[in-house]
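Data block below; observations after.
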Amino acid sequence: QVQLVESGGGLVQPGGSLRLSCAASGSIFRLYDMGWYRQAPGKQRELVATITSGGSTNYADFMKGRLTISGDNAKTTVYLQMNSLKPEDTAVYYCMVEIVISRSIYWGQGTQVTVSS
């Protein structure tokens with residue numbers, strides 16, 4: 001079993017920045033991919049960014065250029081640096097882990113990001 005704990009969400013003004021963190025614990029295999037998704041009220045959950053076990057990154061077009069996803073050396077924590085935030089970025093942001101070998105997927109409980117003046 002894998003547990004994911006997100007942090008770093010909160011209220012920020014338009015144009016501001018936030019850094020989200022996701023700490024993984026439990027039965028973590030050596031190779032796993034991590035990512036961030038978001039879900040706004042009344043909308044489907046959508047991909048924000050991913051980072052593979054090899055360090056390859058991918059970003060959603062709607063936030064490309066405003067995001068940086070990264071991990072620590074042990075990849076027990078993944079970060080999402082968000083800049084130039086807009087009101088439409090308001091959503092619950094969810095961390096996810098996919099174990100490469102088993103293809104098992106785990107989700108965190110989410111952290112609220114609110115962009116408002």
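Because the structure is a prediction, the values reported are computed rather than measured.
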Specify the closest pair of heavy atoms between [X] and [Y], including all atoms of both residues, with the distance to one decimal.
X   : Y    : result
I99 : S102 : CB-OG, 3.4 Å
R66 : S84  : NH1-O, 2.9 Å
N83 : S17  : OD1-OG, 2.9 Å
C95 : E6   : N-OE2, 2.9 Å
I69 : T57  : CG2-CG2, 3.7 Å
S21 : T77  : CB-CG2, 4.4 Å

Does atom CD (Q44) have a neighbourhood of more than 12 heavy atoms from anything else shown, all under 6.0 Å?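 No.
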For Q109, look at atom CD and say whether over 12 heavy atoms of other residues, nucleotides or ligands are found less than 6.0 Å away.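 Open.
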Quick one: pull up [atom1] in [X] and [atom2] in [Y] and give me the separation to the nearest 0.5 Å.
X   : Y   : atom1 : atom2 : value
S25 : Q1  : OG    : CD    : 10.5 Å
S56 : I51 : OG    : CD1   : 8.0 Å
L11 : Q13 : CG    : CD    : 7.5 Å
C22 : Y79 : SG    : OH    : 10.5 Å

Applying the 4.5 Å side-chain criterion to the ILVMFWY set and letting contacts propagate, would [X] and [Y] be lumped into a single cluster?
X   : Y   : answer
Y94 : V97 : no
L47 : M82 : no
V48 : V92 : no
M96 : V5  : no

Residues in side chain to side chain donor-acceptor pair (under 3.5 Å) with K64, at least two apart?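 K64 satisfies side chain to side chain donor-acceptor pair (under 3.5 Å) with D61 only.
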Do [X] and [Y] touch side chain to side chain, with heavy atoms closer than 4.5 Å?
X    : Y   : result
W107 : R45 : yes
M63  : D89 : yes
T111 : S7  : no
P87  : P14 : yes
Y59  : T50 : no
Y37  : E46 : no

From CA spacing to verdict: side-chain contact (heavy atoms from CB on, under 4.5 Å), L67, L80: CA-CA 7 Å; L67 293 174; L80 183 68; 4.0 Å; yes
If we ignore hydrogens and angles and just use 3.5 Å, is the side chain of T90 paired with the main-chain N or O of V115 as donor and acceptor?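 Yes; judged by distance alone, with no hydrogens or angles, the pair exists.
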Is there a donor-acceptor contact under 3.5 Å linking the side chains of Y93 and R38?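 A pair is found: one side chain offers a donor N or O, the other an acceptor, under 3.5 Å apart.
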Indicate whether the side chain of D33 and that of T52 have a donor and an acceptor atom separated by less than 3.5 Å.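 No, T52 and D33 have no side-chain donor paired with an acceptor closer than 3.5 Å.
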Assess the residue pair V78 and W36 against the criterion (side-chain contact (heavy atoms from CB on, under 4.5 Å)); give the C-alpha distance rounded to whole Å, side-chain angles, the decisive distance to 0.1 Å, and a yes or no. CA-CA 9 Å; V78 66; W36 289 93; 3.9 Å; yes
